[in-house]
Amino acid sequence: MRPGKVTAVTTPGKTRVAIVFGGRSPEHGISCVSAGSVLGALDPDEFEVVPVGITRTGQWVLTDGDPERLAIEARRLPEITAESGTDIVLRADGNGLLVLDPTEGPRALADVDVVFPVLHGAYGEDGTIQGMLEMAGIPYVGAKVFASAAAMDKEFTKKLCAADGIPVGPYAVLRSGMALSEAEKQRLGLPVFVKPSRAGSSFGITKVNDWADLETAIATAREIDSKVLVEAAIVGREIECGVLEGEAGGMPEASVLAEVRVVGDYDFYDFEAKYIDAESACEYDIPADLPQQVTRQVREYAVRAFTALDCAGLARADFFVTPELDVYLNEINTMPGFTPTSMFPRMWAASGLEYPKLVDRLIRTALTQR
Ligand SMILES: Nc1ncnc2c1ncn2[C@@H]1O[C@H](COP(=O)(O)OP(=O)(O)O)[C@@H](O)[C@H]1O
Ligand SMILES: [Mg+2]
């Protein structure tokens, strides 16, 4: 791949935004697809883009940012490797971030006004890169350190949201080495969902219909995180809500709601259904067909959850709505998918904010941190 070319001098009037994508989490490929869409949506008259890929081993490379290379092709997800571009290091220089070429001495490739970490999962959505950007003193899109870490961890998401009166379903936390007691099995009942506390894109999640399969499910989840949640399966519709930080210090805003229905052979909204087979495995209703009262309730909980976790910029709050119309929070994503089939941008488009305007608003919101 042709390495990226950026000059160290920003064109007057343009904002230089580093799009950071790929990364060390299993959601590497999804992040690349999300970044491809974001790159394709940025207005070249407004923004100068520095497309920074992170390999699966954590190496940073300056890529050419060609959106076409970052699409799903023949059911294969894109990947950033050391060959995807020029090796770079980022250096915090006290009041900003410099992109440096380490092979040519400390030659500045670019200084950056704002970072959009289009990263999902560990080392991206969990507060780690946010901490690095805080150290550098550079504005960035999305949740800060605490909210990122709290929302990444399904245990703490539930605890913080429940403390603010948002209903969550019954669950048990199995820390490293712990097993599920008989009393907990009784309390939760079958089926249960076994999941890593800190993961995403349905990685490591198993629906368990028979206690005999519990051990294997826990072991699968522990491959990703030593802390595992066992949740009572909630029979209900899956409803999602986008939240954006309010403009000019206003209240957070909730989008119209979406319903995701998994059809065909898929038992739940797993990885394949989400991304690989999204066209045929999932049906989406935007806006979701719900009674007005329920819609209002979900949107109110979504904003409350955003505030409970101290989110910034954006988040997607996911809920279950039962046949009795009870609402339960499932999880919050502080860097929701931005792929062409992703719910977050589609919900905002349906709310009157088209994809390029959404990206623009996120970057402008971040820049007000300056
Ligand atoms: N407690 C539950 N009850 C019913 N379905 C669940 C439950 N937990 C997870 N699921 C199913 O698994 C999917 C992925 O789980 P989720 O907790 O959202 O993890 P991820 O962070 O990987 O998206 C959900 O969208 C839903 O289809
Ligand atoms: Mg989810």
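Just so you know, ligand 1 is whichever comes first in the structure, and atom 1 is the first atom listed for that ligand.
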Sidechain N-carboxylate O distance under 4.0 Å for [X], [Y]:
X	Y	value
Glu240	Arg346	no
Arg361	Glu247	yes
Glu134	Lys144	no
Asp285	Arg261	yes
Lys195	Glu331	no
Arg296	Glu300	no
Arg304	Asp164	no

Going by heavy atoms, is [X] under 4.0 Å from ligand 1?
X	answer
Phe320	yes
Asp318	no
Gly236	no
Gly169	no
Lys154	yes

Run the numbers for me: atoms of ligand 1, each under 4.0 Å from some heavy atom of [X], listed by number.
X	answer
Phe268	11 (C), 12 (O), 13 (C), 27 (O)
Ile234	2 (C), 3 (N), 4 (C)
Ala233	3 (N)
Ile205	14 (C), 15 (O), 16 (P), 19 (O), 22 (O)

Atom NZ of Lys357: over 12 foreign heavy atoms under 6.0 Å: no
Heavy-atom side-chain contact between Pro291 and Leu325 under 4.5 Å: yes
N, O or S atom of Glu331 closer to the Mg ion (ligand 2) than 2.8 Å: yes
What's the shortest distance from [atom] to any protein heavy atom, and which residue and atom give it?
atom	answer
atom 20 (P) of ligand 1	Glu331 OE2, 3.5 Å
atom 1 (N) of ligand 1	Glu231 OE1, 2.9 Å
atom 16 (P) of ligand 1	Asn330 ND2, 3.6 Å
atom 17 (O) of ligand 1	Lys195 NZ, 2.6 Å
atom 14 (C) of ligand 1	Ser202 OG, 3.4 Å
atom 24 (C) of ligand 1	Glu238 OE1, 3.4 Å
atom 2 (C) of ligand 1	Phe193 CD1, 3.5 Å

Ser202 (side chain) donor-acceptor with Tyr269 (main chain) under 3.5 angstrom: yes
Parallel, tilted or perpendicular: ring planes of Phe338 versus Phe344, cut at 30 and 60 degrees: tilted
Contact (N/O only, under 3.5 Å) between Asn333 and ligand 1: no
